[in-house]
Amino acid sequence: MSYRRVVIVLAALAAVHATPTAGAPTTSPSPVPSVTGSASVAAVATALASVEAYYQTLPGTDPMSDVASVTAHMVSSGAFASATAGPGAISATLSDGTPVVIFTDRVADLLATSAARRPSNARRPSGIVVGPPPGTTIGPPTSHQILFLVNELDSAAFTPANQQQFGQAFSNLGFQNTGAQIDVAPVTLENIVALGSTHPLDFLDIATHGAVVSLKPGGPQFYANISNTVVSDASRALYAGDLAAGRLVYAFVLTRDKTVSTFTTFAFTPAFVIEHATFNPGAIVDNESCFGQSPLVATAVETAYQLAGAGQYLGWTKPVAGSSADQTDAFLFDRMLGEQSPSQTGMDSFVAQRSPAQRPFALPFVEAVMQTENRSPGIGVGTETYAQDAYATNYVYPPSADGVYSRFLVSDFGSANIPNLPIEYGLPSIRFVDVDERTNPVMGIHGTFPSGQGSVTVTNASGTYPAPVETWEPEEVLVDIPNEGAGASGLVTVYSGANATGVASNSAPLTQWSGTATFTDNETITDLDGAVGSGSGSLAVSFAFHFRSDVQPAVVDVDTTPEPENFSFTDFEGDSAGSITSVSGSFTPGSQAELPAGTTATFSLGTPGPINPFSTASPPSSFDSLPVPAASAPASCNDATPGPRPGANAVSCRQFTFIAYHAMVCTDNDGNHLCLPPPLGNAGFILGEYNPGFLTLTLDPSTYAVTASVPAIPSFPDGGFYQSNGHDGDSTANATLAVTIGAPVDAPTAPPTASPALRRVRSSALRR
């Protein structure tokens, strides 16, 4: 057999993952024995009623002793040919060989009742019904069935409303938009049979009683779950083939509650499920019941489901409290689907949730972290002892190294190597986003994504807009987004289907800021193109720019504190623009032989055109804000790399560059002997490359506001106010750069806080 088994104890226990490998098991599961004996329904009911009646005469203080007494009484009464107590049940045969199973997996049923213990509404005892079973409730045919089967007739041990919430959690994310049918139904034989080939399973959850049974005295042991289908002449005839093949057996739950009449139901084996249901490759079977991973039957159960096409089988080694099993499933679903608020599903009644909510995590990662989870308080609070477990008598958490405590095991049949796995293994999940700013900007969405291409939207106050997909990879999706307007910033969401359908990811906020920069340069000119003299010049430039970044702390691993992200962006957005607003000045040379007396030069604004990032003009007029390489950045700066990381900081140091060709015109009154032919001027500066200091942008991680810090004297290196055709004017500059940043747009809505990962267990001594 080729699979790994993961031990999940939800307590302080370290388990080891084996590396999963692909392939089918090399041996088939042990065959289910055929069944002899054909006692009538009335005879079965009479025999089981006598067992219940005898049990009521016992003290009910020591379940171990009482079950042993019942087992001995059954044989001595003559009504039974054999009776053997095992994990969770008494396996017996009537005098004619008809097999029956009496479930004893729920400790609360085995203890004496009292007015203080019994609910005021007189609960129904487990496995016993007071009316006809519910009919078939499976939905219409589908290609992907998600099914929660729950014992709806045992309200003392099971809470169907919990499974309803689990189903709602799947629905909240749009699983039905993938073609999936989500059903929460009674665990009846009718509902299992209704699956057939028209409802292939992606996910099957079973919440009912479970036990290790033997259908023949001394025969092999098998696993069985109790159903809500009552034994009658009609149901017996309907399932005669399954009874004869040993896929079904008559069943009963031993209880001390005498407030209701009791009925015999059917128990079913995994062989019954496999006989009547179809599994999509890699399907997940989640057995919430007791003993589903008992070492006595685990190999046979796992092999049967693997051969049927399942990719994983989950179950408990021993008895488990109903609330604990539901809580375990709730944690699995909540972290696998992405935390869902109480207003949607009430998930916080099972597991603690964090703020901000955690993103979805791939199923193997959730299963791995479940090994390290602690319960507060422990599962099954108390010191109950239990007779029918051959491996332990104490079911109190936390577990110990001797293996006497119930554990939740995941058997993985090499699912990583199964093609086209159900989406439950890994929903679209965003870790962080960044933008490669260019003329046509591209947003990178980093995380985990299904293999098939889906779609992406960006939502803000003005609406929801599609972001066309360029490439789709398992860990990165690239999409086109505009520079401004609809879809330029906001909540980014990835969907598993086209046109914003299918399962939705968590949403990551892409935040945008707008800023203005004003550059002024007032210079005293002492030399112009080799002519010595005196003069002055003034230049004013304004810039309106935009930039964007993902600045929300990101949850990197399951149940970890969100890690801050570097405040990082590649450059200003491509539609940012600047212009030279004014140029003025004059220059008068001294007495020089080559220039006539009275020669003067004047400076005026040329025609540089707009100044934009990523200019393709020749020569270009552009301005940029490039990140400073980490090797040359001050210690206070981050490393300019986007994404979450330990030690990330909110200081982005930028090399701010401005250059505008044809910015100025120089004219003189001597036939351009002093000025070269216009327009050849340019103006600009490079902040931080040659002169000390950088443009420093600092993010406030609580408000997401950005402030700018500018060095005192930015200036173009080795040049002055005017440059022409490679000849510089010598001057003394008095330049300033002022930068202001506006309020963030589409900033994260929640501060980066985290709550502890304590698990809440509802008080309960009930066991399945």
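Sequence positions, counted from 1, serve as the residue numbers for this chain. This structure is a prediction, so every number in the text was calculated from the model and none was measured.
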**Student:** Rounded at 0.5 Å granularity, tell me how far CD in Q163 sits from CD in Q168.
**Tutor:** 14.0 Å

**Student:** Can you give me the closest heavy-atom contact between S489 and N460, atom names plus distance?
**Tutor:** O-ND2, 3.0 Å

**Student:** Does any non-hydrogen side-chain atom of P450 lie less than 4.5 Å from one of P428?
**Tutor:** yes

**Student:** Carefully, step by step, assess D746 and Q512 under the rule side-chain hydrogen bond (donor to acceptor under 3.5 Å, both in side chains).
**Tutor:** CA-CA 7 Å; D746 297 318; Q512 186 181 53; over 6 Å; no

**Student:** With side chains defined as the heavy atoms from C-beta onward, is the minimum distance between F365 and D557 less than 4.5 Å?
**Tutor:** no

**Student:** What about the rings of F413 and Y313, do their centers lie closer together than 6.0 Å?
**Tutor:** no

**Student:** State the CD-OG distance between Q165 and S171, to the nearest 0.5 angstrom.
**Tutor:** 13.5 Å

**Student:** For N612, is there any backbone N or O sitting under 3.5 Å from a side-chain donor or acceptor partner on S615?
**Tutor:** no

**Student:** Going through the checks in order, is the side-chain contact (heavy atoms from CB on, under 4.5 Å) test met by L332 and D286?
**Tutor:** CA-CA 11 Å; L332 182 72; D286 182 3; 4.3 Å; yes

**Student:** Are the side chain of D202 and the backbone of H144 linked by a donor-acceptor contact shorter than 3.5 Å?
**Tutor:** no

**Student:** Taking side chain as C-beta onward, heavy atoms only, is I138 less than 4.5 Å from Q145?
**Tutor:** yes

**Student:** Could you go step by step and tell me if T328 and M370 meet the side-chain contact (heavy atoms from CB on, under 4.5 Å) rule?
**Tutor:** CA-CA 9 Å; T328 299; M370 287 172 72; 3.6 Å; yes

**Student:** Is there a side-chain contact between Q181 and P140, using heavy atoms and a 4.5 Å cut-off?
**Tutor:** yes

**Student:** Can you give me the closest heavy-atom contact between P441 and N483, atom names plus distance?
**Tutor:** CG-OD1, 3.7 Å

**Student:** Given the rule in the side-chain contact (heavy atoms from CB on, under 4.5 Å) test, do L510 and I481 qualify, once you have shown the distances and angles that lead to the verdict?
**Tutor:** CA-CA 11 Å; L510 178 63; I481 59 171; 4.0 Å; yes

**Student:** Should F572 and F543 be marked as a side-chain contact (heavy atoms from CB on, under 4.5 Å) after you check the CA-CA gap, both sets of side-chain angles, and the distance that decides it?
**Tutor:** CA-CA 11 Å; F572 292 144; F543 308 95; over 6 Å; no

**Student:** Please report the shortest heavy-atom distance between T278 and G196, naming the atom on each side.
**Tutor:** OG1-O, 2.9 Å

**Student:** Can any side-chain N or O of S496 pair as donor or acceptor with the backbone N or O of V503 at less than 3.5 Å?
**Tutor:** yes

**Student:** Checking S462 side chain against A486 main chain: does a donor-acceptor pair fall under 3.5 Å?
**Tutor:** no

**Student:** Is there side-chain contact between S429 and N506, with heavy atoms separated by less than 4.5 Å?
**Tutor:** yes

**Student:** Is a donor from one side chain sitting under 3.5 angstrom from an acceptor on the other, for T698 and T707?
**Tutor:** no

**Student:** Using a 6.0 Å distance limit plus a 45 degree cone around the ring axis, check whether R654 lies over the aromatic ring of F569.
**Tutor:** yes

**Student:** Could you check whether any side-chain N or O of D550 sits under 3.5 Å from a backbone N or O of F432, counting only pairs where one atom can act as donor and the other as acceptor?
**Tutor:** no

**Student:** What is the distance from atom CG of L173 to atom OH of Y495, rounded to the nearest 0.5 Å?
**Tutor:** 10.5 Å

**Student:** Checking D639 against N566: is there a side-chain donor and acceptor pair closer than 3.5 Å?
**Tutor:** yes

**Student:** Would you mind reporting whether N280 and L201 have side-chain heavy atoms less than 4.5 Å apart?
**Tutor:** no

**Student:** Show the numbers, then the answer: is there a side-chain hydrogen bond (donor to acceptor under 3.5 Å, both in side chains) between T740 and T516?
**Tutor:** CA-CA 6 Å; T740 59; T516 59; 2.8 Å; yes

**Student:** What's the spacing between M336 CE and D329 CG if we round to 0.5 Å?
**Tutor:** 9.5 Å

**Student:** Can the ring centres of F148 and F333 be said to be less than 6.0 Å apart?
**Tutor:** yes

**Student:** Any donor and acceptor pair, going by atom type alone, linking the side chain of N440 with main-chain N or O of V442 inside 3.5 Å?
**Tutor:** no

**Student:** Quick check: closest heavy atoms across Y425 and A283, and the distance to 0.1 Å?
**Tutor:** OH-O, 4.2 Å

**Student:** Would you find a donor on one side and an acceptor on the other, under 3.5 Å apart, between the side chain of W513 and the backbone of Y704?
**Tutor:** yes

**Student:** What is the distance from atom OG of S652 to atom CZ of F567, rounded to the nearest 0.5 Å?
**Tutor:** 5.5 Å

**Student:** List the atom of G282, the atom of L421, and the distance in Å for their closest heavy-atom pair.
**Tutor:** CA-CD2, 3.8 Å

**Student:** Have H199 and T142 got a donor and an acceptor in their side chains that come within less than 3.5 Å?
**Tutor:** no

**Student:** Hey, are E475 and R431 close enough for a salt bridge, meaning a charged N less than 4.0 Å from a carboxylate O?
**Tutor:** no

**Student:** What are the two closest non-hydrogen atoms of L195 and A277, and how far apart are they?
**Tutor:** CD1-CB, 3.8 Å

**Student:** For the residue pair F694 and F656, establish whether any side-chain heavy-atom pair is separated by less than 4.5 Å.
**Tutor:** no

**Student:** To the nearest 0.5 angstrom, please state how far the CG atom of D575 sits from the CD atom of E437.
**Tutor:** 9.0 Å

**Student:** Just by distance, do the side chain of S455 and the backbone of G497 share a donor-acceptor pair under 3.5 Å?
**Tutor:** yes

**Student:** Checking the side chain of R359 only, and the main-chain atoms of V556 only, is there a donor and an acceptor separated by less than 3.5 Å?
**Tutor:** yes

**Student:** Tell me if the CG atom of N420 is crowded by more than 12 foreign heavy atoms within 6.0 Å.
**Tutor:** no

**Student:** If you apply the rule side-chain hydrogen bond (donor to acceptor under 3.5 Å, both in side chains), what do you find for T493 with S507, and how did you get there?
**Tutor:** CA-CA 5 Å; T493 308; S507 294; 2.6 Å; yes

**Student:** Please tell me whether F623 and F545 form a close aromatic pair, meaning their ring centres lie under 6.0 Å apart.
**Tutor:** no

**Student:** Any heavy-atom pair between the side chains of V410 and Q312 that's under 4.5 Å?
**Tutor:** yes

**Student:** With distance as the sole test, does N638 use its side chain to make a donor-acceptor pair with the main-chain N or O of N649 at under 3.5 Å?
**Tutor:** yes

